[in-house]
Amino acid sequence: MIIILNNKCNFSYNEFINYQEELRSIEEDNRLVLCPPNIYLSAFNLENFDLGCQNVDKNTCGPYTGNISASQLRSLNVKYTIVNHSERRKYCNENLLDTAIKIKELMENDIIPILCIGETLEERKQNKTESIIVTQLSEVSRQLTPEEMKKIIIAYEPIWAIGTGIIPSPEEVEKVSQLINKYLPNNKIIYGGSVDEKNIENFKQIKLLDGFLLGGLSLYPERLKKFLIKIEKDK
Ligand code: PGA
């Protein structure tokens, strides 16, 4: 399993340093990836985690004030980067074409992209979930070679489940995972959206899931440890 911690825009510098110390004691067989706020990337110094990033610029280095390029991430040993997160789409107007360009930049720098896809509540209510998922995947895959596409981790994140405490049923997640697997049989699939140490039981039976993307839970090391114990038990 791969467990991605997305800290989003949280922690002061000192809080982050203390938080990182709390993560240091975690012993895990699963692959753990920490995506800290960008500004603390170079303060990362854990051996039990890989370093991930929450976003990347679509441009290579140059006159792009305030941006961070894939080659700069690579120079800090970043191994994974989240792209197309719904918060970036909502607040920064990013689209799937930007995402495909970012994915190419990441791959040129040997960084594994974590591609977030998912439907809004409105789309789910209108029974459009499957068509939205297929459209999102096909818009990205149209810009990439099949070889490039294979290397991406697909994170199914229903937008209505992110940060809301509301989760889809295991059947709903399974259905979408099967759809993704049909479209991309070789890719790792993870789920994100209000996963915590209490509701993890709901997701464990879903065979196609290779891991989880944790937002809110990532901020609380003690709860995170409980979550990891629960995953470990039934491996
Ligand atoms: P959440 O965030 O776990 O707080 O819902 C997940 C995400 O946005 O990736």
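What's counted below: heavy atoms across the whole structure, side chains too, no hydrogens, waters or symmetry copies. Both ligands and their constituent atoms are indexed starting at 1 by order of listing. One is the number of the first residue; the rest follow in order along the sequence.
- The pair Glu197-Lys230 does not count as a salt bridge, with every side-chain nitrogen at least 4.0 angstrom from each carboxylate oxygen.
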Step by step, work out the side chain to side chain donor-acceptor pair (under 3.5 Å) result for Asn109 and Ser71. CA-CA 6 Å; Asn109 287 282; Ser71 61; 4.8 Å; no
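- Between Lys225 and Glu222 there is a salt bridge, with a side-chain nitrogen of the basic residue lying less than 4.0 Å from a carboxylate oxygen of the acidic one.
- Under the 4.5 Å side-chain heavy-atom criterion for Ile, Leu, Val, Met, Phe, Trp and Tyr, Phe212 and Phe49 are members of the same hydrophobic cluster.
- Between Glu130 and Lys175, at least one side-chain N (NZ, or NE/NH1/NH2) sits under 4.0 Å from a carboxylate O, which counts as a salt bridge.
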Short N or O separations between ligand 1 and the protein, below 3.5 Å:
| unit_1 | atom_1 | unit_2 | atom_2 | d |
| --- | --- | --- | --- | --- |
| ligand 1 | 2 (O) | Lys8 | NZ | 3.3 |
| ligand 1 | 3 (O) | Ser194 | N | 3.4 |
| ligand 1 | 3 (O) | Gly215 | N | 2.9 |
| ligand 1 | 4 (O) | Gly216 | N | 2.8 |
| ligand 1 | 5 (O) | Gly163 | N | 2.7 |
| ligand 1 | 5 (O) | Ser194 | N | 2.7 |
| ligand 1 | 8 (O) | Lys8 | NZ | 2.7 |
| ligand 1 | 8 (O) | His85 | NE2 | 2.7 |
| ligand 1 | 9 (O) | His85 | NE2 | 3.2 |
| ligand 1 | 9 (O) | Glu157 | OE1 | 3.3 |
| ligand 1 | 9 (O) | Glu157 | OE2 | 2.7 |

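- Ionic pairing of Lys102 and Glu105 is not present here: no N-O contact between side-chain nitrogen and carboxylate oxygen is shorter than 4.0 angstrom.
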